[in-house]
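Throughout, protein chains are lettered first and strands after them, A, B, ... in sequence-line order, and every chain is numbered starting at 1.
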Amino acid sequence: MRIGYPCVNETLDCTSTSTFRLASYTDERLELTVANNLRCLLQILEWNVAHGLLFFRIGSGVVPFGSHPINTFPWQTRFAAEFRAIGDYVQAHSLRISFHPDQFVVLNSPDASIVERSVQELVYQGSMLDLMGLDSTHKLQIHVGGLYNDRELAISRFIATYQRLPEAVRVRLVIENDDRLFSLHDCLRVHAAVGIPVLFDNFHHECLNHGETMAEALRLAAATWHPTRDGVMMMDYSSQAPGERKGKHTPTLEDNLFEGFLRDLGDLDVDIMLEIKDKEASAHRACATLRGAGLLPGVPAPAAT
DNA sequence: ACACGTCAAGCGTGT
DNA sequence: ACACGCTTGACGTGT
């Protein structure tokens, strides 16, 4: 089992997704920014290893405008060595990497140009994994997309687009149940049609479900991951922010809820991404809970920073 | 030095 | 028709 957090390390003064405005795009600016982002990315991964956090979601903005036509800089060749070094580090320490392209990636849009831009964004993010030399156990996670007043048609459009994706994207793509439109049940139907793994989000499942218990839901999702091709199931973990609007993520890990979740998990192996606002602070507490339950080996005591 | 309006992209909901 | 949340920082202009 690995524990991770998304995109940003709040302890280090180093970010892997610094960017600039489209209006101020130049190749020089791009080159400088990517160089700095990759330097910080490696630094964050090193910090994670030192703290026993072996799962990390890399932000979409490592290469600013990575799928935008304005960006014709050959960053793939210019930074081949840096990407490779990061991939080597990931493999040397058995880290797991994911990407979560954001809401603009909609594979089931009825608008062909939106689908085309979405595919280009997935190609960009998948190519970073290729450049790192990482296999298909490292994933790109997206949602099924929009509803467009016709669930069946929306699902069938997703399936049709999925089948046309470039191989490098298709082998890495996974779908996550969302909190309002496409439930675990919907994702399982897409899986049944094309074999795409389902990345389970426990909090979204609490918001939108068809009566499956948490323990059942976890096992249904786990069964969609092919052990060698996809690796151990990945999931997102969060819980409701107390007193806030339904669906809002908690600002910090609630240890008692997490312990209850671990009971539902039972003996299932899973890599857990903590989608919690205070990032690595909660990830630390999750690790402590897991070590207490004997589910994680001991790690070096967190170094003062 | 600091404040704050704004930033590539989509969708559904609420007013 | 339009603003908002999603996820949030931080860019970049103006003072």
Side-chain angles (χ1 to χ4, degrees), chain A residues 4-26 28-30 32-34 36-37 40-41 44 56-73 98-125 140-151 153-155 157-158 161 175-183 186 199 201 203-204 206-208 236-241 244-252 273-282:
Chain A
Y5 61 96
C7 306
V8 174
N9 180 295
E10 296 186 326
T11 308
L12 297 171
D13 184 25
C14 205
T15 173
S16 62
T17 55
S18 68
T19 186
F20 49 87
R21 297 289 190 260
L22 180 61
S24 54
Y25 180 94
T26 65
E28 294 71 24
R29 183 98 188 243
L30 182 89
L32 284 169
T33 303
V34 174
N36 188 59
N37 285 345
C40 284
L41 177 55
I44 291 168
F56 189 66
R57 180 187 297 166
I58 301 177
S60 302
V62 169
V63 179
F65 313 105
S67 66
H68 191 286
I70 198 173
N71 183 350
T72 57
F73 183 83
S98 67
F99 286 87
H100 193 342
D102 52 18
Q103 65 267 35
F104 310 110
V105 172
V106 185
L107 289 185
N108 75 343
S109 174
D111 181 332
S113 68
I114 290 171
V115 175
E116 174 56 22
R117 284 197 295 275
S118 297
V119 172
Q120 288 311 308
E121 179 68 15
L122 292 172
V123 166
Y124 147 60
Q125 299 201 23
L140 308 173
Q141 81 184 78
I142 61 171
H143 296 285
V144 175
L147 211 48
Y148 312 99
N149 298 313
D150 189 334
R151 181 176 306 272
L153 195 53
I155 287 177
R157 267 202 312 272
F158 181 94
T161 303
I175 44 174
E176 175 190 351
N177 57 307
D178 69 72
D179 59 348
R180 295 176 303 128
L181 307 178
F182 292 99
S183 65
D186 295 316
L199 191 151
D201 185 309
F203 184 34
H204 291 168
E206 287 173 9
C207 296
L208 178 67
D236 287 349
Y237 177 88
S238 190
S239 60
Q240 174 67 42
E244 296 276 0
R245 189 195 72 258
K246 181 177 178 238
K248 186 161 175 66
H249 288 204
T250 185
T252 191
M273 181 64 58
L274 295 172
E275 287 200 316
I276 293 181
K277 198 159 172 51
D278 65 359
K279 307 285 179 185
E280 70 270 20
S282 281

**Request:** Indicate whether any N or O donor in one side chain lies under 3.5 Å from an N or O acceptor in the other, for A:Ser18 and A:Asn37.
**Result:** yes

**Whole-angstrom distance between C:dG9 and B:dG12, as gauged at atom C1'** = 25 Å

**Item:** 5' priority, DNA chain B, between A:Tyr148 and A:His68 [closest heavy atom]
**Value:** A:His68

**Message:** Please verify the inter-ring angle class for A:His249 with A:Phe203; under 30° counts as parallel, over 60° as perpendicular, anything in between as tilted.
**Reply:** perpendicular

**Prompt:** At under 4.0 Å between heavy atoms, what does A:Glu121 touch on the DNA or RNA strands: base, sugar-phosphate, or nothing?
**Reply:** base

**Close side-chain approach of A:Leu12 to A:Cys40, heavy-atom, < 4.5 Å** = no

**Prompt:** Could you give the CG-to-C1' distance, from A:Asp179 to C:dG5, as a whole number of Å?
**Reply:** 10 Å

**Asked** Is there a donor-acceptor pair closer than 3.5 Å between any side-chain N or O of A:Arg151 and the backbone N or O of A:Phe182?
**Response** no

Cut-off 3.5 Å, no hydrogens considered: what does the side-chain donor-acceptor table look like for residues 104-116 of chain A, sequence neighbours left out?
{"from": "A:Asn108", "atom 1": "OD1", "to": "A:Gly146", "atom 2": "N", "distance (Å)": "3.1"}
{"from": "A:Asn108", "atom 1": "ND2", "to": "A:Gly146", "atom 2": "O", "distance (Å)": "2.8"}
{"from": "A:Asn108", "atom 1": "ND2", "to": "A:Ala154", "atom 2": "O", "distance (Å)": "3.4"}
{"from": "A:Ser109", "atom 1": "OG", "to": "A:Asp111", "atom 2": "N", "distance (Å)": "3.0"}
{"from": "A:Asp111", "atom 1": "OD1", "to": "A:Ser113", "atom 2": "N", "distance (Å)": "2.8"}
{"from": "A:Asp111", "atom 1": "OD1", "to": "A:Ser113", "atom 2": "OG", "distance (Å)": "2.7"}
{"from": "A:Asp111", "atom 1": "OD1", "to": "A:Ile114", "atom 2": "N", "distance (Å)": "3.4"}
{"from": "A:Glu116", "atom 1": "OE2", "to": "A:Gln120", "atom 2": "NE2", "distance (Å)": "3.1"}

**Request:** Could you tell me whether the phosphate oxygens of C:dG12, OP1 or OP2, come under 4.0 Å of any side-chain nitrogen or oxygen in A:Arg29?
**Result:** yes

**Prompt:** Just checking A:Ser24: base, sugar-phosphate only, or nothing, at a heavy-atom cut-off of under 4.0 Å?
**Reply:** sugar-phosphate

**Request:** Between A:Val8 and A:Arg180, name the one whose nearest nucleotide on DNA chain C is closer to the 5' end.
**Result:** A:Arg180

**Prompt:** Over how many whole Å does the gap from A:His143 atom NE2 to C:dT7 atom C1' extend?
**Reply:** 10 Å

**Item:** Separation of C:dG5 C1' from A:Phe104 CZ (nearest whole Å)
**Value:** 12 Å

**Request:** Could you tell me whether A:Leu181 contacts a base, only the sugar-phosphate backbone, or nothing, with contacts defined as non-hydrogen atoms closer than 4.0 Å?
**Result:** sugar-phosphate

**Asked** Is there a donor-acceptor pair under 3.5 Å between the side chain of A:Asp178 and the backbone N or O of A:His204?
**Response** no

**Message:** Between A:Thr19 and C:dC11, is there a contact of a side-chain N or O with OP1 or OP2 at under 4.0 Å?
**Reply:** no

**Gap between atoms CD and P, on A:Gln103 and C:dC4 respectively (whole Å)** = 16 Å

**Request:** Write down the distance between OH (A:Tyr25) and P (C:dC11), rounded to a whole number of angstrom.
**Result:** 17 Å

**Item:** Under 3.5 Å side-chain donor-acceptor pair for A:Asn36 and A:Thr33
**Value:** no

**Request:** Let me know the distance between NZ of A:Lys246 and C1' of C:dG5, rounded to the nearest Å.
**Result:** 15 Å

**Request:** Select from A:Gly145 and A:Tyr124 the residue whose nearest nucleotide in DNA chain B is closer to the 5' end of that strand.
**Result:** A:Tyr124

**Message:** Without decimals, in angstroms, what is the distance between A:Leu12 CG and C:dG9 P?
**Reply:** 16 Å

**Message:** Could you tell me how far C:dA3 sits from C:dT7 if I compare only their P atoms? Round to whole Å.
**Reply:** 22 Å

**Side-chain (A:Lys277) to main-chain (A:Thr252) donor-acceptor, under 3.5 angstrom** = no

**Prompt:** Can you tell me how far CD1 of A:Ile58 sits from OG1 of A:Thr17, rounded to the nearest 0.5 angstrom?
**Reply:** 11.0 Å

**Asked** For the side chain of A:Ser24 and the backbone of A:Arg21, is there at least one donor-acceptor N/O pair under 3.5 Å apart?
**Response** yes

**Message:** What contact category does A:Arg21 fall into here, base, sugar-phosphate, or nothing, at under 4.0 angstrom with non-hydrogen atoms?
**Reply:** base

**Request:** Quote, to the nearest angstrom, the P distance that separates B:dT6 from C:dG5.
**Result:** 16 Å

**Request:** Would you sketch DNA chain B in dot-bracket for me? Only Watson-Crick or G-U wobble pairs with both distances under 3.5 Å count, crossing pairs as [ ], other-strand pairs as |, the rest as dots.
**Result:** |||||||..||||||

**Asked** How far, in whole Å, is B:dA8 from C:dC11 if one measures between their P atoms?
**Response** 13 Å

**Range on DNA chain B touched by chain A - first to last nucleotide, heavy-atom distance under 4.0 Å** = B:dG5 to B:dT13

**Message:** Treating A:Ser238 as the side-chain partner and A:Glu275 as the backbone partner, does any N or O pair qualify as donor plus acceptor under 3.5 Å?
**Reply:** yes

**Prompt:** So what does A:His249 touch, heavy atoms closer than 4.0 Å: a base, only the sugar-phosphate, or nothing?
**Reply:** sugar-phosphate

**Request:** Could you give the distance separating C:dA1 and B:dC7 at their P atoms, to the nearest angstrom?
**Result:** 23 Å

**Request:** Specify the separation, in whole Å, of atom CZ of A:Arg57 and atom P of C:dT8.
**Result:** 10 Å

